Amino acid sequence: MRAAVYPGSFDPLTNGHLDIIRRGTRLFDRVLVAVLENEGKAPLFSVGERMELIATCTRDMPAVEVHSFNGLLVDFMKRVGANVVVRGIRAVSDYEYELQMALMNRELNAGVETIFMLPAVEYTYVSSRLVKEVFRLGGDVARLVPPQVLESLRARLQVV
Ligand code: PNS
């Protein structure tokens with residue numbers, strides 16, 4: 001069984017994330033979406049809420065499992081028996097940060113490989129941070145997030 005871990009904050013899940021997850025399921029038998037438990041980032045949605053949204057939006061992909069983790073990613077990977085990390089890269093600007101993380105994870109566990117995947121072109125500028133900002137300011141993000149996420153944004157955020 002080929003298993004890959006797709007880690008991130010997912011606050012909230014965007015269509016860009018969903019696109020990477022779908023592409024991942026074409027390469028791996030199991031794609032474990034792993035939500036980082038990082039309260040330091042003052043997230044909009046709790047870890048449980050983020051996991052539920054991911055689970056709902058990936059219902060049509062039986063290969064997808066939703067997990068959460070704290071501490072080191074490599075330790076989580078050891079626990080679940082996976083050695084491939086999937087990360088999406090949108091623009092060159094993502095590369096430096098991703099390179100650092102991939103090499104640090106390799107330093108921590110030489111058996112861990114990181115695979116970078118490209119999202120569909122129409123999502124190359126989409127990020128959770130921008131989605132939240134634009135939504136808060138009354139902009140239309142309906143094309144950028146799954147309908148369930150849009151609903152949760154509406155329920156959570158007062159649009160100015
Ligand atoms: O969606 P994000 O916020 O860019 O995801 C970052 C994430 C969760 C992949 C990264 O912060 C992470 O793996 N954190 C766990 C802590 C860790 O293992 N750090 C050392 C490796 S960089």
Side-chain angles (χ1 to χ4, degrees), residues 2-25 27-28 30-58 61 63-120 122-136 141 144-146 148-150 152-153 156-157:
R2 290 168 307 165
V5 171
Y6 180 38
S9 303
F10 305 106
D11 185 41
L13 182 78
T14 67
N15 282 343
H17 293 132
L18 207 49
D19 183 71
I20 294 290
I21 294 171
R22 200 173 292 283
R23 288 170 197 281
T25 63
L27 297 178
F28 297 94
R30 294 168 65 209
V31 174
L32 288 73
V33 182
V35 180
L36 178 67
E37 296 171 16
N38 183 359
E39 297 308 321
K41 270 194 171 179
L44 179 61
F45 295 104
S46 71
V47 172
E49 289 168 330
R50 283 178 266 162
M51 290 174 71
E52 208 174 304
L53 280 172
I54 298 165
T56 306
C57 299
T58 58
M61 295 182 248
V64 174
E65 299 167 27
V66 188
H67 295 254
S68 67
F69 75 105
N70 52 33
L72 288 174
L73 176 62
V74 291
D75 291 340
F76 169 74
M77 296 188 58
K78 203 173 279 176
R79 281 200 296 279
V80 295
N83 67 348
V84 177
V85 181
V86 167
R87 290 285 288 175
I89 287 206
R90 292 162 298 191
V92 175
S93 50
D94 282 341
Y95 180 72
E96 208 165 324
Y97 171 57
E98 294 299 333
L99 177 76
Q100 282 181 354
M101 283 204 297
L103 292 178
M104 181 58 82
N105 284 330
R106 182 182 283 171
E107 164 71 20
L108 296 170
N109 181 344
V112 166
E113 289 297 340
T114 300
I115 290 188
F116 296 130
M117 298 188 72
L118 304 181
E122 65 258 40
Y123 302 131
T124 44
Y125 62 93
V126 179
S127 70
S128 299
R129 185 183 63 78
L130 273 186
V131 161
K132 285 182 284 192
E133 181 178 318
V134 169
F135 183 85
R136 266 196 192 103
V141 296
L144 312 180
V145 294
Q148 298 88 342
V149 171
L150 188 62
S152 300
L153 283 168
R156 182 60 46 93
L157 287 178

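Atoms within a ligand are numbered from 1 in the order they appear, just like the ligands themselves. What you see is a predicted model, and the numbers here were worked out from it, not measured in a lab.
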Q.
Tell me the closest heavy-atom pair linking Val35 and Val47, and the distance in Å.
A. CG1-CG1, 4.1 Å
Per-pair distances, 0.1 Å, donor-acceptor, side chain in residues 68-79, under 3.5 Å, sequence neighbours excluded:
{"residue": "Ser68", "atom": "OG", "partner": "Glu37", "partner atom": "OE2", "Å": "2.7"}
{"residue": "Asn70", "atom": "ND2", "partner": "Glu37", "partner atom": "OE1", "Å": "3.1"}

Can you give each donor-acceptor pair under 3.5 Å made by side-chain atoms of residues 98-115, sequence neighbours left out, with the distance rounded to 0.1 Å?
{"residue": "Glu98", "atom": "OE1", "partner": "Arg87", "partner atom": "NE", "Å": "2.9"}
{"residue": "Glu98", "atom": "OE2", "partner": "Arg87", "partner atom": "NE", "Å": "3.3"}
{"residue": "Glu98", "atom": "OE2", "partner": "Arg87", "partner atom": "NH2", "Å": "2.8"}
{"residue": "Asn105", "atom": "ND2", "partner": "Met101", "partner atom": "O", "Å": "3.3"}
{"residue": "Asn109", "atom": "OD1", "partner": "Gly111", "partner atom": "N", "Å": "2.8"}

Q: Over all heavy atoms of both residues, which pair between Ser9 and Arg50 is shortest? Give the atoms and the distance, please.
A: O-NH1, 2.7 Å
Q) Hey, does Pro146 have a side-chain heavy atom less than 4.5 Å from the side chain of Asn15? A) yes
Q | For Ser128, side-chain hydrogen bond (donor to acceptor under 3.5 Å, both in side chains) partners two or more places apart | A | none
Distances under 3.5 Å, N/O of ligand 1 against N/O of the protein: list each pair and its distance.
{"residue": "ligand 1", "atom": "1 (O)", "partner": "Ser9", "partner atom": "N", "Å": "3.0"}
{"residue": "ligand 1", "atom": "3 (O)", "partner": "Ser9", "partner atom": "OG", "Å": "2.6"}
{"residue": "ligand 1", "atom": "3 (O)", "partner": "Lys41", "partner atom": "NZ", "Å": "2.9"}
{"residue": "ligand 1", "atom": "4 (O)", "partner": "Arg87", "partner atom": "NH2", "Å": "2.9"}
{"residue": "ligand 1", "atom": "5 (O)", "partner": "Arg87", "partner atom": "NH1", "Å": "3.3"}
{"residue": "ligand 1", "atom": "18 (O)", "partner": "Leu73", "partner atom": "N", "Å": "2.8"}

